[in-house]
Amino acid sequence: MSHSPEIQELLITSEKTVKEALKIIDTNAQGTCFVVDASGKLIGVVTDGDIRRALIEGKSLDSRVKDVMQTKFTALPVTTPIDQIQSKISERIRHIPLVDENNIPVDYASFTRAHRIPVMTPLLSGNELKYVTECITTGWISSQGAYVKKFEQLFAEYSDMKFGVAVSNGTVAIHLALVALGIGEGDEVIVPDLTFAASINGVIYTGATPVMADIDPETWTLSPAAVEKLITSKTKAIMPVHIYGHPCHMDELMAIAKKHNLLVIEDCAEALGALYKGQHVGTFGDAATFSFFGNKTITTGEGGMVLFKDETVCNKAMVLRDHGMSKSKRYWHDFVGYNYRMTNIQAAIGCAQLERLDEFVNAKRGMAAVFNSGLSQHKAITLPPEKDWAFNGYWLYTCIIDPNGGVSRDELIEKLMKNGVETRPVFYPLHEMPPYVQYIKQGQTFPVTNHVSRNGISLPSSVTISAEEQNSILNSVSAIYNTRKLNVNV
Ligand SMILES: Cc1ncc(COP(=O)(O)O)c(C=O)c1O
């Protein structure tokens with residue numbers, strides 16, 4: 001009989017002290033340990049709750065585990081079929097030891113062990129297969145075909161914009177938007193320090209110089225005050241990034257752009273469906289870019305879109321997307337262009353996803369409401385922002401962990417993983433990474449980005465997340481904090 005190595009992290013002998021049991025529970029992050037006798041046979045279970053009750057009843061940390069453990073508990077033979085094991089797991093019985101024929105624990109089952117909760121999974125159960133099948137049966141699988149135009153039109157309509165250009169991903173969307181708007185060498189473009197690297201990379205590809213600005217503590221997006229201070233005679237554009245689904249301070253940023261005659265390119269990769277004062281993000285600036293990577297609110301596998309205010313700029317972008325080839329003279333090139341085209345298959349998936357976009361955004365907001373209510377009991381956790389003027393799309397449910405609150409962000413990531421919960425740290429500040437250090441302006445500091453980056457964590461945020469999974473995540477977070485509190489009191 002082979003032993004699962006993880007079981008060792010949950011075992012304690014009955015003669016050990018309560019204090020030692022607490023240490024084991026804190027390390028394994030499961031909120032429980034299994035008690036064995038000197039010969040290794042299973043004789044009890046002890047949870048953080050049992051210990052708390054025992055301490056209240058007058059037992060001490062030096063008491064023996066055998067005096068506080070439960071002797072009536074559920075254990076199953078390791079040969080039990082998996083569905084039967086899972087059916088026994090509930091809110092009350094969160095862990096089941098699995099024993100061999102000699103009653104020696106060799107493995108254990110828990111809700112999340114057999115079932116890792118991913119940060120994000122796409123939902124493709126609508127018309128995706130039907131539309132893709134149509135592409136394949138008709139042979140329209142490349143970038144010609146009706147779905148590309150249809151996707152551009154429907155997407156622009158959804159966002160209350162007129163002109164859409166579908167492209168192969170969200171990174172080239174940024175590059176294409178900037179080039180079509182005439183940004184290049186000698187220009188400066190202000191980007192937030194807290195964003196995915198694609199935002200700044202797009203600027204660098206054009207030959208322009210990126211300028212990193214700190215973020216606002218209340219929304220984690222580009223700080224208008226920081227932007228204002230960074231404007232020089234070379235500044236040509238600003239790039240608000242609606243990070244994690246929360247809209248930027250668009251009134252203030254647009255006022256700055258107007259005052260200094262700057263272009264505005266909104267990076268909406270993470271914020272499809274989000275509203276600023278009731279208006280879709282992506283409709284404020286001269287251009288807006290979107291990503292349809294597999295983890296985005298809607299996906300086309302890989303894919304992106306640029307929305308433009310101006311038809312002439314949109315037409316230029318369409319030419320640049322297709323090698324810079326003239327629309328009126330085949331194989332004549334007026335510009336050095338790119339192949340940034342989206343395929344008909346991607347666009348077909350996009351059309352099917354768009355049909356369910358409102359449903360997806362509602363699901364994400366429902367998920368956020370459940371997390372908000374469950375996590376608000378933890379003083380060490382700052383919930384994601386949603387200003388009263390904002391409608392957060394909650395692309396990724398992201399909160400901040402107080403480093404002095406008993407459990408650090410990195411520790412929480414590690415312990416949640418042990419509970420089968422995948423999480424994600426917030427992006428590193430751009431200014432700390434090798435390619436971007438050179439763009440720091442003299443004397444510039446980024447205190448807000450540093451804080452959010454070091455302490456931010458994103459929880460599983462798929463539209464498919466179930467109430468049971470959310471409950472399990474919230475229970476795991478509570479168990480981690482509660483065990484640590486008992487330990488801090490030791
Ligand atoms: C803010 C932001 N901008 C741009 C991108 C780039 O999109 P893609 O991965 O489709 O190239 C992403 C996501 O991946 C993003 O999060």
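Starting from 1, each residue takes its place in the sequence as its number. Predicted model only: the values in this text are computed from it and were never measured. Both counts, for ligands and for their atoms, begin at 1 and track the order of listing. Hydrogens, waters and symmetry mates are skipped; everything else that's a heavy atom, side chains included, is used.
- You'll find the ring centres of Phe155 and Phe290 inside the 6.0 Å limit.
- Here the two rings, on Phe292 and Phe151, have centers that are under 6.0 Å apart.
- Aromatic ring orientation, Tyr244 versus Phe427: parallel (interplanar angle below 30°, classes split at 30° and 60°).
- Between His175 and Tyr338, the ring center distance clears the sub-6.0 Å criterion.
- The 4.0 Å heavy-atom shell around ligand 1 contains residues Asn169, Gly170, Thr171, Ile174, Thr195, Phe196, Ala198, Ser199, Val241, Asp267, Ala269, Glu270, Ser291, Lys296, Gly303, ordered by chain and number.
- The distance between the ring centers of Tyr394 and Phe360 does not fall below 6.0 angstrom.
- Closest approach of Ala380 and Tyr481 over heavy atoms only: CB-OH, 3.8 Å.
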